[in-house]
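Heads up, the thing below is written out as structure tokens.
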Amino acid sequence: MKGALTFAAVGEASTGLALLIVPALVGRVLLGEELTGIAIPVARVAGIALISLAVACWPGTPLVGMLAYSAAATLYLAYLGFAGGPVGPLLWPAVVLHLILTVLLARAARGEGISA
């Protein structure tokens with residue numbers, strides 16, 4: 001469980017940091033278009049949220065929070081891909097990564113007897 005949670009926290013913190021530093025680039029590789037205008041500050045707020053989520057998950061055991069986030073991210077990113085909106089080269093790998101994380105975190109939660 002600890003390995004899956006650490007892996008998820010590091011991944012989300014990395015994405016959050018990228019959103020803070022180069023939101024336009026993240027938009028281009030994830031959605032196929034650069035972020036501009038109001039999307040830049042919104043992306044940076046999202047980056048802060050991701051970093052905060054990772055920090056909150058690092059020392060403790062908030063497994064259910066990370067599981068809920070990963071499952072929601074999987075569903076939303078897949079929705080974006082299937083809805084025919086902007087799709088960059090990393091959208092589907094991100095969906096797969098979040099799906100794998102969701103499965104790993106769900107197994108860890110079940111192993112701890114947590115009903116998620």
Taking side chain to side chain contact (heavy atoms under 4.5 Å, CB included) as the test, write out the residues that go with V45, two or more places apart.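 None.
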
Who clusters with I40? Use side-chain heavy atoms, under 4.5 angstrom, across I, L, V, M, F, W and Y, and order the result by chain and number.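 Result for I40 is L35.
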
Given a cutoff of under 4.5 Å between side-chain heavy atoms of I, L, V, M, F, W and Y, with clusters grown through shared members, what are the other residues clustered with I38?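 Once heavy-atom contacts under 4.5 Å are chained together, I38 belongs with V42.
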
Rounded to the nearest 0.5 Å, how far apart are CZ of R107 and CG of L67?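 Taking CZ in R107 and CG in L67, the distance rounds to 13.0 Å.
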
Are the side chains of L63 and L105 in contact, using a 4.5 Å heavy-atom criterion?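 Yes - at least one pair of side-chain heavy atoms lies under 4.5 Å apart.
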
Name the atoms and distances for all side-chain donor-acceptor pairs under 3.5 Å in residues 7-21, with sequence neighbours left out.
| unit_1 | atom_1 | unit_2 | atom_2 | d |
| --- | --- | --- | --- | --- |
| E12 | OE1 | Y69 | OH | 3.3 |
| S14 | OG | V10 | O | 2.8 |
| T15 | OG1 | G11 | O | 3.0 |

State, to 0.1 Å, how close P93 and P89 come at their nearest heavy-atom pair, and which atoms those are.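 Shortest heavy-atom contact: CD-O, 3.5 Å.
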
What pairs of donor and acceptor atoms, side-chain ones from residues 71-84 against any protein atom, are under 3.5 angstrom apart with sequence neighbours left out?
| unit_1 | atom_1 | unit_2 | atom_2 | d |
| --- | --- | --- | --- | --- |
| T74 | OG1 | S70 | O | 2.8 |
| T74 | OG1 | H98 | O | 3.2 |
| T74 | OG1 | L99 | N | 3.3 |

Please name all residues satisfying salt bridge (Lys or Arg N to Asp or Glu O under 4.0 Å) with E34, sequence neighbours left out, ordered by chain then number.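 E34 satisfies salt bridge (Lys or Arg N to Asp or Glu O under 4.0 Å) with R28 only.
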
Linked, directly or transitively: V103 and M66 (ILVMFWY side chains, under 4.5 Å):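 Different hydrophobic clusters.
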
